[in-house]
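Every number for a ligand or one of its atoms is a count from 1 in the order of the listing.
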Amino acid sequence: MASYYEQVGAATVREVVDQFYAVVLADPDLAPYFTDVDLPRLKRHMVMLLCSVLGGPEVYEGADLADAHRDMGITSEHYEKVGGMLVAALREKGADEELVQHVVTVLGQVRGSIVAQPAGAAG
Ligand code: HEM
């Protein structure tokens, strides 16, 4: 069985990530989060992360996801929107449904690290 990574390849992952951030940054609700962000670095880290999630040999070298998103006040609504944009970019670049569902599962797993918790809430 080829891994998801072998099915799509690193070049497609890079295209997905480019497409994803083009859509995110074009959204007036989301763009303000990315003011002053080093986009080439962000994209590089997202490519590494997505490759490793898909079973590739890349090792994610970016910040821990909870640390990277701390104090941004990311709402559930914005999280769903961004996750939907990633899924849409994967589909647009030809990812099959099984791969998409794997990514959806991982998005569910990392959600708690990225969405801001109400003050005093555990986790
Ligand atoms: C949907 C799941 C998400 C994943 C997998 C994800 C992943 C990442 C990764 C890998 C980085 C790079 C960390 C680094 O360079 O060390 C990052 C940074 C960032 N993310 Fe996310 N992210 C997600 C959702 C969001 C959402 C919903 C927002 C805002 C609406 C957001 C805003 C940002 C910003 C502004 C940065 C840059 C932080 C900085 O460089 O200072 N992310 N994210």
Side-chain angles (χ1 to χ4, degrees):
M1 267 295 288
S3 67
Y4 297 124
Y5 176 82
E6 285 160 343
Q7 284 174 36
V8 293
T12 301
V13 173
R14 279 194 292 275
E15 285 179 25
V16 167
V17 169
D18 277 341
Q19 165 75 11
F20 165 65
Y21 283 114
V23 172
V24 169
L25 294 173
D27 185 301
D29 290 339
L30 301 174
Y33 284 100
F34 296 87
T35 313
D36 299 331
V37 166
D38 177 348
L39 282 178
R41 178 174 174 276
L42 173 58
K43 285 186 183 181
R44 204 166 61 242
H45 286 164
M46 187 60 124
V47 168
M48 281 181 205
L49 181 62
L50 196 49
C51 283
S52 75
V53 162
L54 296 175
E58 285 80 357
V59 176
Y60 175 63
E61 290 171 355
D64 172 78
L65 288 183
D67 292 340
H69 299 89
R70 199 178 308 284
D71 299 331
M72 282 189 204
I74 295 173
T75 61
S76 291
E77 187 197 352
H78 287 168
Y79 186 78
E80 300 313 328
K81 203 170 184 183
V82 168
M85 287 168 169
L86 182 59
V87 163
L90 283 163
R91 290 209 170 103
E92 197 173 313
K93 297 296 173 188
D96 73 12
E97 206 44 35
E98 204 187 317
L99 185 155
V100 168
Q101 286 313 313
H102 173 69
V103 171
V104 167
T105 300
V106 174
L107 283 173
Q109 290 164 349
V110 299
R111 188 180 203 289
S113 301
I114 294 176
V115 173
Q117 303 297 314

Student: List every atom of ligand 1 that sits less than 4.0 Å from any heavy atom of H45, numbering the atoms from 1 in the order shown and giving each element.
Tutor: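 The list of qualifying atoms is 12 (C), 14 (C), 15 (O), 16 (O).
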
Student: Measure across Y5 and G56 and return the closest heavy-atom pair with its distance rounded to 0.1 Å.
Tutor: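 Nearest heavy atoms, Y5 then G56: CG-CA, 3.3 Å.
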
Student: Non-hydrogen atoms of L49 versus ligand 1: any pair closer than 4.0 Å?
Tutor: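 Checking ligand 1 against L49, which is what was asked, there is a heavy-atom contact under 4.0 Å.
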
Student: May I ask you to list the atoms of ligand 1 that are less than 4.0 angstrom from any heavy atom of Y33?
Tutor: 29 (C), 30 (C), 35 (C)

Student: I would like to know whether E58 and R44 meet salt bridge (Lys or Arg N to Asp or Glu O under 4.0 Å); could you show each step before the answer?
Tutor: CA-CA 11 Å; E58 285 80 357; R44 204 166 61 242; over 6 Å; no

Student: NZ of K43 to CG of D18: how many Å apart, nearest 0.5 Å?
Tutor: 4.0 Å

Student: Can you tell me how far CG of L50 sits from CZ of R14, rounded to the nearest 0.5 angstrom?
Tutor: 12.0 Å

Student: Give me the nearest non-hydrogen protein atom to atom 13 (C) of ligand 1 as residue plus atom name, then the distance to 0.1 Å.
Tutor: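 Of the protein heavy atoms, Y60 OH, 3.5 Å lies nearest.
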
Student: Pairs of nitrogen or oxygen atoms closer than 3.5 Å, one from Y79 and one from ligand 1: do any exist?
Tutor: no

Student: If you have a sec, work out which protein heavy atom is nearest atom 41 (O) of ligand 1 and how many Å separate them, to one decimal?
Tutor: V37 CG2, 4.5 Å

Student: Using every non-hydrogen atom in the two residues, find where K93 and E15 come nearest and quote the distance to one decimal.
Tutor: CD-OE1, 3.6 Å

Student: If every non-hydrogen atom of V24 is compared with every non-hydrogen atom of F34, which pair is closest and at what distance?
Tutor: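 For V24 and F34, the tightest heavy-atom pair comes out as CG1-CE1, 3.5 Å.
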
Student: Around atom 32 (C) of ligand 1, find the nearest protein heavy atom and jot down its residue, atom name and distance.
Tutor: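 Among all protein heavy atoms, the one nearest atom 32 (C) of ligand 1 is F34 CZ, 3.4 Å.
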
Student: Give yes if a backbone or side-chain nitrogen or oxygen of R41 is under 3.5 Å from a nitrogen or oxygen of ligand 1, and no if not.
Tutor: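 Checking ligand 1 against R41, an N or O pair does fall under 3.5 Å apart.
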
Student: Nearest to atom 28 (C) of ligand 1, what protein heavy atom do you find, and at what distance?
Tutor: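 Nearest protein contact, heavy atoms only, for atom 28 (C) of ligand 1 is I74 CD1, 3.4 Å.
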
Student: Closer than 4.0 Å to some heavy atom of L107 - which atoms of ligand 1 meet that?
Tutor: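 The atoms of ligand 1 under 4.0 Å from a heavy atom of L107 are 1 (C), 2 (C).
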
Student: Sort by chain and number the protein N/O/S atoms found under 2.8 Å from atom 21 (Fe) of ligand 1.
Tutor: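 Listed by chain and number, the atoms are H69 NE2.
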
Student: Y33 and M72: which non-hydrogen atoms are nearest, and at how many Å?
Tutor: CE2-O, 3.6 Å

Student: In terms of atom number and element, which parts of ligand 1 are under 4.0 angstrom from non-hydrogen atoms of G62?
Tutor: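 So the atoms of ligand 1 that pass are 16 (O).
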
Student: For atom 38 (C) of ligand 1, what is the nearest protein heavy atom, given as residue, atom name and distance?
Tutor: M72 CE, 3.7 Å

Student: For atom 16 (O) of ligand 1, what's the nearest protein heavy atom and its distance?
Tutor: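 The protein heavy atom lying closest is A63 N, 2.7 Å.
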
Student: Pick out which of V87, L86, T105 makes a side-chain contact (heavy atoms from CB on, under 4.5 Å) with V100.
Tutor: V87

Student: Any donor-acceptor pair under 3.5 Å linking the side chain of Y79 with the backbone of L107?
Tutor: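 Pair found, side chain donor or acceptor close to backbone of L107.
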
Student: Is it true that, when you exclude E97 itself, more than 12 heavy atoms of the residues, nucleotides or ligands shown sit nearer than 6.0 Å to its CD?
Tutor: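 Counting neighbours around CD of E97, more than 12 heavy atoms of other residues, nucleotides or ligands fall under 6.0 Å, so yes.
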
Student: Are any non-hydrogen protein atoms located under 4.0 Å from atom 21 (Fe) of ligand 1?
Tutor: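 There is a protein heavy atom less than 4.0 Å from atom 21 (Fe) of ligand 1.
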
Student: Say whether, by atom type as modelled, one donor and one acceptor occur between the side chain of Q101 and the main chain of E98 under 3.5 angstrom.
Tutor: no

Student: Does atom CG of D64 have more than 12 heavy-atom neighbours, drawn from other residues, nucleotides or ligands, at distances under 6.0 Å?
Tutor: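 It does: D64 CG has more than 12 such atoms within range.
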
Student: Provide the closest heavy-atom pair for I74 versus I114 in the form atom of the first, atom of the second, distance.
Tutor: CB-O, 3.7 Å

